[in-house]
Structures are given as structure tokens and as C-alpha cells.
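Note that the coordinates shown come from a computational prediction; the quantities given were computed from them, not determined experimentally.
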Amino acid sequence: MIDCQPIAPFLASSHRQLAPEIDRFAGSEIAPLPHPQDDDAGRAQGREILRRLGAGGWSAWTVPAAWGGRADSFDLRACCLIREALGAASSLADSIFALQGLGSLPITLAGADAVQRRWLPAVAAGEAMAGFALTEPEAGSDPAGMATRAVREGDGWRLDGHKVYISNAGLADFYTLFASTDPAAGHRGISAFVLPADTPGLTFRAQRLSAPHPLGELFLDGCRLPADSLLGEVGGGFKLALKTLDRLRPTVAAAACGMARRALDEALAHATSRQQFGQPLASFQLTQQKIARMATDLTAARLLTYRAAAKADDGAERITLEAAMAKSFATEAAQRIVDDAVQILGGRGVVDDHPVDLLYRAVRALRIYEGTTEIQHLVIAKHVLAAFGDAE
């Protein structure tokens, strides 16, 4: 259950009311779903999760009220609370919700009216699944190496290229996709487009993870798009991607907090009930040391997460530093917490389909996507060094 007390300084009363609602939804509608055993089952369950998120009104938090959303503007703290609850219940549900925001926010920020009208109400209702296609075989942390090309053709665009590690690939109804319109300009030559999944020339190939998760490669062979598929200005795609990721990185941290919270709960339940040498595991000082570290890491991660989200909701144009701190610390802390939970549970913690074993496989990806920990540390150091220089 989400404990709002430690993060209360960063929450409005509406968020404190929202927390138990999303907890109840995650517990009754998401947690009972069986763990999918293969990619096909994961994709089928992903669609069912999207339907439930839409019916429950949760997808609507990713879209402004003007297009069927729950708030006038993007409410980052609400999205963090939702991802924290979903992360504790199901990593697949968390991913589906996350992509609704990641794929649609660039449309909210820079889409033409007709494009917003086509996709945003459907996203809010859970009727359209979103995707976000940035990564390529040679362009991950450094998008300047992007090889996917977009060239003007008539009054529209032609796109050719290859994307990898794309969540919801083959499942999404549309993708926010980034392509180079001026290779000589590096990241300043990247533009963003809305690519419907039924566009001729677009195909996909599934990629497998250790845990079922809709992931794959996208192949673009002469995909033709109308002029209004361009999001924002030509060459403005990299800035749009940064602005989107800036806003959403705290939600990755929130998902990590949810996974860590579930791992800590599982560890506490086991440590207080499991008898060893005539006494509960929890009575041993080495177990208590792990529990103390887990609880402290989780609290610190949540404070950083909701601090970043509150600053964005209060109107800050950029939260680059706060988002980088929250994302890097929370995901690394969650990895430590889940690992300690496995150690406390012993053999039970590595049994297939045990919640802690599933968390161990799910949490690792959070340290990579939407900016690796190493990239976040570079961002933090750049800001700290700049502030030090200004202070001299």
C-alpha cells in the first residue's frame, strides 16, 4: 500500500486521495492477473491491461482534459503514484501505462490539432496503445548516430530505417518516432513524427526478454507520412525527446519505488515468519541490517522522486537535474533492495514465478531505459560543476 506520509510535503490533497484509489485498482484488477509465460501471452495480457487502465480512468492521466484527460495539464505526481502502485503489482502493467505517457506526451506538446484529435482521446480511453521509437542499433545513449532517415517527398515525408528495443513494438497503434532529417547536423538534425502502426512499409520483429514484455524491432521501408505527422519543427525532435524524457524520468523512479516496496514487503513477511535456529530470521542482526538499509534507500528514493515531480507540477520549465537524481538513485536503490530481498528469502527468492524472482528480472531494465544511470550521473555532474563555477 502506498504510504503518503513520508512524501506528504510534495503532495496535494488530490494526490493523497488518489493514492488509495490506485492501490485498490492495482490490487483488484492487476495483481490477480497470471504471470504471462511467453511473448504471445504477454502481448495478449498487455491489451487486456490497456483495456482495464482505460476503463478505470487511469490512462486518462496521461492526456490533458481538453482531449479526455483527468487534469487540465499533465499531472506528474499523479502519474508517479500510478506507476508506483502498478510497479508493485505488475511490471507489465507498469510498462503499458508508462508507454501511454511516453508515446503521447510529444503529441500533447507539439502535435498538430488534427493529430491530437486523432490519437489523444483514444489514448485517454485506453482504445489506442502508444509506442516511442528512439533507439537504434548504433544510436542509444548518443542519438546523434541515428541512421533512420526522413526526407521530404511531395507534400509529406518518406521514412526509412531500423529501430530496436522498442516497447510495444508490434502491439502499439501508433509510435512517436524520431528520424534524421539532416544527418550533417547531428542531434540538431533529428525530427519527430507520429507513425501509425498500419502505415505501409512498417514491419516489426519481436525481441525476447527474460520476462514477457512486448518488445521488438521496427523496420521502415518507404513509409510515407502526411505533412502534419511532423511533431513541432523540422530539426526539433531531439529537444522534444529531451523535454519528454525530462518530464517522465521521475515516473521511472516511481516504478522503481513500487518494485522496491513490494520486495521489501515480501522480505518482511518472510523474515518475520521464517524460523531458523529456533527464532525468526528478523531477530538476527544481519537481517535487521539489510531491512534497515532497504527501508532507508526506499524512503530516500521516494523523496527524490516526488520532489522532482512536484517541481514540474509547480510550473518549472525544466527539471533535468532533479529528474536525473531521482531516476539514477531510485533505480539503483531498487536493484539493491530487490537483491537484498532475494538474499533474505534464500531459495524461495529464486524460484520461478515467486514475486521477488519476477521483480529481480523486471527491475534491471529500469537502470537502462530512458537514460542509463551513467548518463544520468553525467547530467548531474554537469549541473553541479556549472553551479560551482557560477558560485566562484
* Side-chain donor or acceptor of Q207 paired with backbone N/O of L215 under 3.5 Å -> no

* Structure fact -> Nearest heavy-atom contact between I22 and A85 is CG1-CB, 3.6 Å

* **Heavy-atom side-chain contact between P250 and L76 under 4.5 Å** => yes

* Applying salt bridge (Lys or Arg N to Asp or Glu O under 4.0 Å), name anything that partners R336, two or more places apart in sequence or on another chain. => D297

* Structure fact -> Interatomic distance, CG@D160 vs CG@D221, rounded to 0.5 Å, equals 6.0 Å

* Might you confirm whether atom CZ of R188 has over 12 heavy atoms from other residues, nucleotides or ligands at distances under 6.0 Å? => no

* Asked: Would the number of heavy atoms belonging to other residues, nucleotides or ligands and lying under 6.0 Å from CG of D113 be above 12?
  -> yes

* Counting distance only, does the side-chain N/O of S180 pair as donor-acceptor with the main-chain N or O of I190 below 3.5 Å? -> no

* To do: Determine the interplanar angle of the W157 and F193 rings, folded into 0 to 90°, and report it as parallel if under 30°, tilted if 30 to 60°, perpendicular if over 60°.
  => perpendicular

* Asked: Can you check whether I107's main-chain N or O pairs, donor with acceptor, with Q116's side chain at less than 3.5 Å?
  -> yes

* T373 and E332 side chains, donor-acceptor separation under 3.5 Å -> yes

* **Centroid separation W58 to F25 less than 6.0 Å** => yes

* Asked: Is a side-chain N or O of K163 found less than 3.5 angstrom from the main chain of F178, in a donor-acceptor match?
  -> yes

* Asked: Between R318 and D246, does a salt bridge (Lys or Arg N to Asp or Glu O under 4.0 Å) hold up when you go through it step by step?
  -> CA-CA 7 Å; R318 296 296 297 271; D246 233 24; 2.7 Å; yes

* To do: Compare all side-chain heavy atoms of L18 with those of W61 and state whether any distance is below 4.5 angstrom.
  => yes

* **Residues, nucleotides or ligands: over 12 heavy atoms within 6.0 Å of F204 CZ** => yes

* Is the backbone of L202 close enough, under 3.5 Å, to the side chain of T199 for a donor and an acceptor to pair up by distance? -> no

* Any link between L240 and L99 through a network of hydrophobic side chains (Ile, Leu, Val, Met, Phe, Trp, Tyr) touching at under 4.5 Å? -> yes

* Examine distances only and state if a side-chain atom of N168 and a backbone atom of L171 form a donor-acceptor pair shorter than 3.5 Å. => no

* Asked: Backbone N or O of E370 within a donor-acceptor pair of the R249 side chain at under 3.5 Å?
  -> yes

* Under a 4.5 Å cut-off applied to non-hydrogen side-chain atoms, are I82 and F97 in contact? -> yes

* Report the C-alpha separation of R24 and E21 in whole Å, then their side-chain angles, then the decisive distance to 0.1 Å, and conclude whether the salt bridge (Lys or Arg N to Asp or Glu O under 4.0 Å) test is met. => CA-CA 5 Å; R24 284 193 293 271; E21 294 176 16; 5.2 Å; no

* Asked: Under a 4.5 Å cut-off applied to non-hydrogen side-chain atoms, are V356 and R348 in contact?
  -> no

* To do: Report yes or no: does T299 contribute a side-chain atom to a donor-acceptor pair with the main-chain N or O of T296 at less than 3.5 Å?
  => no

* salt bridge (Lys or Arg N to Asp or Glu O under 4.0 Å) between K243 and E317: does it pass, once the steps are laid out? -> CA-CA 9 Å; K243 190 171 184 179; E317 180 66 22; 3.5 Å; yes

* Asked: Does any non-hydrogen side-chain atom of P20 lie less than 4.5 Å from one of I2?
  -> no

* **Interatomic spacing from CG in L159 to CZ in R224 - rounded to 0.5 Å** => 10.5 Å

* To do: Evaluate the ring planes of F219 and H162, with Trp represented by its six-membered ring, and classify them as parallel (under 30°), tilted (30 to 60°) or perpendicular (over 60°).
  => parallel

* Ignoring hydrogens and angles, tell me if any N or O in the side chain of D313 forms a donor-acceptor pair with the backbone of R77 under 3.5 Å. => yes

* In the single-linkage hydrophobic clustering (I, L, V, M, F, W, Y; side-chain heavy atoms under 4.5 Å), do F238 and Y369 co-cluster? -> no

* To do: Examine distances only and state if a side-chain atom of Q45 and a backbone atom of P34 form a donor-acceptor pair shorter than 3.5 Å.
  => yes

* Could you state whether L102 and L109 fall into the same hydrophobic cluster, counting links through intermediate Ile, Leu, Val, Met, Phe, Trp or Tyr residues with side-chain heavy atoms under 4.5 angstrom apart? => yes

* With sequence neighbours left out, which residue pairs that include part of residues 277-289 fulfil the side chain to side chain donor-acceptor pair (under 3.5 Å) condition? -> Q279-S283

